[in-house]
Amino acid sequence: MTIKVLIVDDHQIFRRGVRSLLEDESDMEVVAEAGTANEAIDLVDRYRPSVVTVDIRLGNMDGIQLVRILKGRQEAPRCMVLSTYEDRQHLVGALEAGADAYLLKSNSYETLPDTVRRVHEGESMLSQELISLMMDEYRKVAAQQIHRDSGLTAQDVKVLRLLAKGSRSLDIANDLAMTEITVKRKVQEIIQKLNASNRVQAVAEAIRRGVI
(Lines give C-alpha, C1' and ligand atoms only; values in the text may rest on other atoms or scores of the structure.)
Protein backbone atom coordinates (compact mmCIF):
# COMPACT_ATOMS: atom_id res chain seq x y z
CA MET A 1 0.00 0.00 0.00
CA THR A 2 1.32 3.43 -0.92
CA ILE A 3 1.25 5.94 1.91
CA LYS A 4 0.04 9.31 0.62
CA VAL A 5 1.71 12.21 2.42
CA LEU A 6 0.95 15.94 2.46
CA ILE A 7 3.78 18.22 3.66
CA VAL A 8 2.72 21.45 5.39
CA ASP A 9 5.48 23.93 6.19
CA ASP A 10 6.02 27.63 5.52
CA HIS A 11 9.64 27.05 4.42
CA GLN A 12 9.87 25.79 0.87
CA ILE A 13 13.42 24.49 1.31
CA PHE A 14 12.35 22.31 4.25
CA ARG A 15 9.33 21.03 2.30
CA ARG A 16 11.54 20.06 -0.62
CA GLY A 17 13.95 18.29 1.72
CA VAL A 18 11.17 16.24 3.28
CA ARG A 19 9.72 15.46 -0.15
CA SER A 20 13.09 14.24 -1.44
CA LEU A 21 13.58 12.07 1.65
CA LEU A 22 10.13 10.46 1.51
CA GLU A 23 10.04 9.96 -2.24
CA ASP A 24 13.17 7.81 -1.96
CA GLU A 25 10.92 5.30 -0.17
CA SER A 26 9.12 2.89 -2.50
CA ASP A 27 5.97 2.78 -0.34
CA MET A 28 5.46 6.55 -0.05
CA GLU A 29 4.06 9.26 -2.31
CA VAL A 30 4.12 12.97 -1.52
CA VAL A 31 0.85 14.07 -3.07
CA ALA A 32 1.30 17.80 -2.42
CA GLU A 33 2.98 20.57 -0.43
CA ALA A 34 1.34 23.48 1.39
CA GLY A 35 2.81 26.66 2.83
CA THR A 36 -0.27 27.77 4.80
CA ALA A 37 -2.99 26.11 6.86
CA ASN A 38 -5.78 27.19 4.52
CA GLU A 39 -3.90 25.78 1.54
CA ALA A 40 -3.38 22.56 3.46
CA ILE A 41 -7.11 22.19 4.16
CA ASP A 42 -7.88 22.56 0.46
CA LEU A 43 -5.21 20.00 -0.47
CA VAL A 44 -6.46 17.50 2.11
CA ASP A 45 -9.91 17.73 0.50
CA ARG A 46 -8.40 17.25 -2.95
CA TYR A 47 -5.86 14.47 -2.37
CA ARG A 48 -7.08 12.66 0.77
CA PRO A 49 -3.59 11.99 2.17
CA SER A 50 -3.09 9.28 4.77
CA VAL A 51 -0.48 11.27 6.70
CA VAL A 52 -0.02 15.03 7.01
CA THR A 53 3.22 16.52 8.34
CA VAL A 54 2.56 19.88 10.01
CA ASP A 55 4.83 22.71 11.09
CA ILE A 56 3.78 24.86 14.07
CA ARG A 57 4.39 28.22 12.42
CA LEU A 58 2.06 28.69 9.47
CA GLY A 59 1.08 32.36 9.47
CA ASN A 60 -2.51 33.34 10.29
CA MET A 61 -3.44 29.85 11.54
CA ASP A 62 -0.81 27.84 13.41
CA GLY A 63 -0.15 24.14 13.03
CA ILE A 64 -1.91 23.22 16.26
CA GLN A 65 -5.13 24.82 15.03
CA LEU A 66 -4.73 23.02 11.71
CA VAL A 67 -4.29 19.66 13.46
CA ARG A 68 -7.42 20.29 15.52
CA ILE A 69 -9.42 21.03 12.36
CA LEU A 70 -8.12 18.00 10.49
CA LYS A 71 -8.60 15.60 13.41
CA GLY A 72 -12.16 16.84 13.85
CA ARG A 73 -13.17 15.43 10.47
CA GLN A 74 -14.97 12.15 10.05
CA GLU A 75 -12.16 10.69 7.91
CA ALA A 76 -9.24 12.38 9.62
CA PRO A 77 -5.70 11.87 8.33
CA ARG A 78 -2.90 10.93 10.67
CA CYS A 79 -1.12 14.15 11.70
CA MET A 80 2.59 14.47 12.48
CA VAL A 81 3.95 17.72 13.88
CA LEU A 82 7.49 18.52 12.69
CA SER A 83 8.73 21.47 14.73
CA THR A 84 11.73 23.30 16.14
CA TYR A 85 9.80 23.92 19.37
CA GLU A 86 10.56 21.56 22.22
CA ASP A 87 8.71 23.35 25.02
CA ARG A 88 5.80 22.08 27.08
CA GLN A 89 3.27 24.58 25.71
CA HIS A 90 3.58 23.55 22.06
CA LEU A 91 3.97 19.84 22.78
CA VAL A 92 0.93 19.58 25.06
CA GLY A 93 -1.08 21.84 22.76
CA ALA A 94 -0.35 19.64 19.75
CA LEU A 95 -1.20 16.42 21.59
CA GLU A 96 -4.41 17.88 22.98
CA ALA A 97 -5.35 18.91 19.43
CA GLY A 98 -5.02 15.27 18.40
CA ALA A 99 -1.55 15.08 16.84
CA ASP A 100 -0.41 11.49 16.36
CA ALA A 101 3.29 12.35 16.50
CA TYR A 102 5.55 15.22 17.51
CA LEU A 103 9.05 15.20 16.07
CA LEU A 104 11.79 17.77 16.34
CA LYS A 105 13.16 18.96 13.02
CA SER A 106 16.67 18.57 14.39
CA ASN A 107 16.46 14.79 14.22
CA SER A 108 13.46 14.13 11.97
CA TYR A 109 15.49 13.42 8.84
CA GLU A 110 16.97 10.25 10.32
CA THR A 111 13.71 8.88 11.65
CA LEU A 112 11.05 10.42 9.42
CA PRO A 113 10.34 7.60 6.91
CA ASP A 114 10.04 4.97 9.64
CA THR A 115 7.92 7.31 11.76
CA VAL A 116 5.56 7.97 8.84
CA ARG A 117 5.05 4.22 8.46
CA ARG A 118 4.44 3.67 12.16
CA VAL A 119 2.07 6.61 12.47
CA HIS A 120 0.23 5.41 9.36
CA GLU A 121 -0.19 2.03 11.07
CA GLY A 122 -1.76 3.66 14.11
CA GLU A 123 1.13 4.25 16.49
CA SER A 124 1.78 7.49 18.38
CA MET A 125 5.32 8.84 18.34
CA LEU A 126 7.46 11.41 20.16
CA SER A 127 11.04 12.50 19.64
CA GLN A 128 13.24 10.91 22.29
CA GLU A 129 14.13 14.34 23.70
CA LEU A 130 10.47 15.04 24.42
CA ILE A 131 9.70 11.88 26.38
CA SER A 132 11.19 13.24 29.62
CA LEU A 133 9.14 16.41 29.15
CA MET A 134 5.95 14.37 28.87
CA MET A 135 6.93 12.26 31.88
CA ASP A 136 7.35 15.48 33.91
CA GLU A 137 3.93 16.61 32.69
CA TYR A 138 2.40 13.25 33.67
CA ARG A 139 3.96 13.40 37.13
CA LYS A 140 2.68 16.95 37.60
CA VAL A 141 -0.87 15.99 36.63
CA ALA A 142 -0.70 12.86 38.81
CA ALA A 143 0.50 14.92 41.78
CA GLN A 144 -2.33 17.40 41.30
CA GLN A 145 -4.83 14.54 41.25
CA ILE A 146 -3.36 13.08 44.43
CA HIS A 147 -3.64 16.46 46.13
CA ARG A 148 -7.27 16.82 45.05
CA ASP A 149 -8.14 13.30 46.22
CA SER A 150 -6.52 13.88 49.61
CA GLY A 151 -8.25 17.21 50.14
CA LEU A 152 -4.90 18.89 50.77
CA THR A 153 -4.27 22.43 49.59
CA ALA A 154 -1.02 23.72 48.09
CA GLN A 155 -0.26 25.34 51.45
CA ASP A 156 -0.90 22.05 53.24
CA VAL A 157 1.70 20.38 51.01
CA LYS A 158 4.24 23.12 51.80
CA VAL A 159 3.66 22.56 55.52
CA LEU A 160 4.03 18.79 55.11
CA ARG A 161 7.31 19.17 53.25
CA LEU A 162 8.68 21.34 56.03
CA LEU A 163 7.44 18.87 58.63
CA ALA A 164 9.21 16.10 56.73
CA LYS A 165 12.45 18.08 57.06
CA GLY A 166 11.99 18.21 60.82
CA SER A 167 10.93 21.85 61.01
CA ARG A 168 9.20 23.04 64.18
CA SER A 169 6.01 25.07 64.18
CA LEU A 170 7.96 28.30 64.73
CA ASP A 171 10.31 27.46 61.84
CA ILE A 172 7.36 26.78 59.53
CA ALA A 173 5.70 30.02 60.62
CA ASN A 174 8.82 31.98 59.72
CA ASP A 175 9.25 30.21 56.38
CA LEU A 176 5.63 30.65 55.28
CA ALA A 177 4.97 34.07 56.86
CA MET A 178 2.34 32.69 59.21
CA THR A 179 1.81 32.91 62.96
CA GLU A 180 2.83 29.94 65.07
CA ILE A 181 -0.77 29.52 66.21
CA THR A 182 -1.94 29.37 62.58
CA VAL A 183 0.70 26.75 61.82
CA LYS A 184 -0.38 24.58 64.74
CA ARG A 185 -4.01 24.82 63.62
CA LYS A 186 -2.98 24.02 60.03
CA VAL A 187 -1.01 20.95 61.18
CA GLN A 188 -4.05 19.65 63.06
CA GLU A 189 -6.18 20.10 59.93
CA ILE A 190 -3.63 18.18 57.89
CA ILE A 191 -3.53 15.36 60.44
CA GLN A 192 -7.32 15.06 60.21
CA LYS A 193 -7.34 15.13 56.39
CA LEU A 194 -4.84 12.28 56.30
CA ASN A 195 -6.57 10.30 59.09
CA ALA A 196 -3.36 10.33 61.07
CA SER A 197 -2.80 10.46 64.84
CA ASN A 198 0.07 12.95 64.89
CA ARG A 199 2.37 14.95 62.63
CA VAL A 200 4.84 12.09 62.23
CA GLN A 201 2.12 9.76 60.99
CA ALA A 202 0.78 12.54 58.76
CA VAL A 203 4.16 12.90 57.07
CA ALA A 204 4.46 9.13 56.68
CA GLU A 205 0.97 8.94 55.13
CA ALA A 206 1.73 11.85 52.78
CA ILE A 207 4.86 10.05 51.60
CA ARG A 208 2.95 6.80 51.15
CA ARG A 209 0.35 8.52 48.99
CA GLY A 210 2.96 10.31 46.93
CA VAL A 211 1.86 13.77 48.10
CA ILE A 212 5.42 14.77 49.05
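We count residues from 1, following the sequence as given.
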Closest non-hydrogen atom pair between [X] and [Y], with its separation:
{"X": "Ser197", "Y": "Ile191", "answer": "C-CG2, 4.0 Å"}
{"X": "Ala202", "Y": "Ala196", "answer": "N-CB, 3.5 Å"}
{"X": "Leu70", "Y": "Pro77", "answer": "O-CD, 3.9 Å"}
{"X": "Ala94", "Y": "Ile64", "answer": "N-CD1, 3.9 Å"}
{"X": "Cys79", "Y": "Lys71", "answer": "SG-CD, 3.7 Å"}

Taking the side chain as everything from C-beta on, heavy atoms only, tell me whether [X] gets closer than 4.5 Å to [Y].
{"X": "Asp27", "Y": "Thr2", "value": "no"}
{"X": "Val183", "Y": "Thr179", "value": "no"}
{"X": "His90", "Y": "Tyr102", "value": "yes"}
{"X": "Pro113", "Y": "Met28", "value": "yes"}
{"X": "Leu103", "Y": "Thr115", "value": "yes"}
{"X": "Leu176", "Y": "Thr182", "value": "no"}
{"X": "Asp10", "Y": "Thr36", "value": "no"}
{"X": "Leu82", "Y": "Phe14", "value": "yes"}

| query | Going through the checks in order, is the side chain to side chain contact (heavy atoms under 4.5 Å, CB included) test met by Lys184 and Ile181? | reply | CA-CA 5 Å; Lys184 289 180 178 179; Ile181 293 175; 5.8 Å; no
| query | Is a side-chain donor or acceptor of Gln65 paired with a backbone partner of Asp62 at a separation under 3.5 angstrom? | reply | yes
| Expected output: side-chain Ser124 to main-chain Ala101 donor-acceptor under 3.5 Å |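 Checked: no pair found.
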| With Glu123, the side chain to side chain donor-acceptor pair (under 3.5 Å) member among Arg78, Arg117, Arg118 |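 The option that passes is Arg118.
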What distance separates [X] [atom1] from [Y] [atom2], expressed to the nearest 0.5 Å?
{"X": "Asn198", "Y": "Gln188", "atom1": "CG", "atom2": "CD", "answer": "9.5 Å"}
{"X": "Lys186", "Y": "Met178", "atom1": "NZ", "atom2": "CE", "answer": "6.0 Å"}
{"X": "Arg208", "Y": "Gln201", "atom1": "CZ", "atom2": "CD", "answer": "12.0 Å"}
{"X": "Leu152", "Y": "Lys193", "atom1": "CG", "atom2": "NZ", "answer": "6.0 Å"}
{"X": "Arg185", "Y": "Ile190", "atom1": "CZ", "atom2": "CD1", "answer": "12.0 Å"}
{"X": "Glu205", "Y": "Leu160", "atom1": "CD", "atom2": "CG", "answer": "10.5 Å"}

| Between Arg16 and Asp9, does a salt bridge (charged side-chain N to carboxylate O under 4.0 Å, His left out) hold up when you go through it step by step? | CA-CA 10 Å; Arg16 294 299 168 84; Asp9 196 287; over 6 Å; no
| request: Starting from the C-alpha separation in whole Å, work towards a yes-or-no answer on side chain to side chain contact (heavy atoms under 4.5 Å, CB included) for Val8 and Leu6. | output: CA-CA 6 Å; Val8 186; Leu6 169 64; 4.0 Å; yes
| request: Spell out, yes or no, whether Leu194 and Ile207 are grouped together once hydrophobic residues are joined by side-chain heavy atoms under 4.5 Å, including indirect joins. | output: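 Yes, Leu194 and Ile207 fall within the same hydrophobic cluster.
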| said: Could you walk me through whether Glu29 and Glu23 satisfy the side chain to side chain contact (heavy atoms under 4.5 Å, CB included) test, starting with their C-alpha distance in whole Å, then the side-chain angles of each, then the deciding distance to 0.1 Å, before giving a yes or no? | reply: CA-CA 6 Å; Glu29 176 190 0; Glu23 288 187 337; 5.8 Å; no
| said: Would you say that more than 12 heavy atoms from the other residues, nucleotides or ligands in this model lie under 6.0 Å from the NZ of Lys158, or not? | reply: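 Count not over threshold, so no.
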| field | Lys4, NZ atom: more than 12 neighbouring heavy atoms under 6.0 Å | value | no
Name each donor-acceptor pair under 3.5 Å that joins a side chain in residues 38-61 to protein atoms two or more places apart or in another chain, with its distance.
residue, atom, partner, partner atom, Å
Glu39, OE1, Gly35, N, 3.1
Asp45, OD1, Arg73, NH1, 2.4
Asp45, OD1, Arg73, NH2, 3.4

| said: Go through it in stages, so that I can follow the logic: the residues are Asp100 and Met80, the test is side chain to side chain contact (heavy atoms under 4.5 Å, CB included), and I'd like the CA-CA distance, side-chain angles, deciding distance and then a yes or no. | reply: CA-CA 6 Å; Asp100 302 291; Met80 296 173 47; 5.6 Å; no
| message | We want to know whether Asp156 and Thr153 form a side-chain donor-acceptor pair, criterion being a heavy-atom distance below 3.5 angstrom. | response | yes
| field | Between Arg199 and Ser169: side-chain donor-acceptor atoms closer than 3.5 Å | value |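 Yes, a side-chain donor-acceptor pair sits under 3.5 Å.
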| request: Using side chain to side chain contact (heavy atoms under 4.5 Å, CB included) as the criterion, point out the one residue from Leu22, Val31, Val18 that pairs with Val5. | output: Leu22
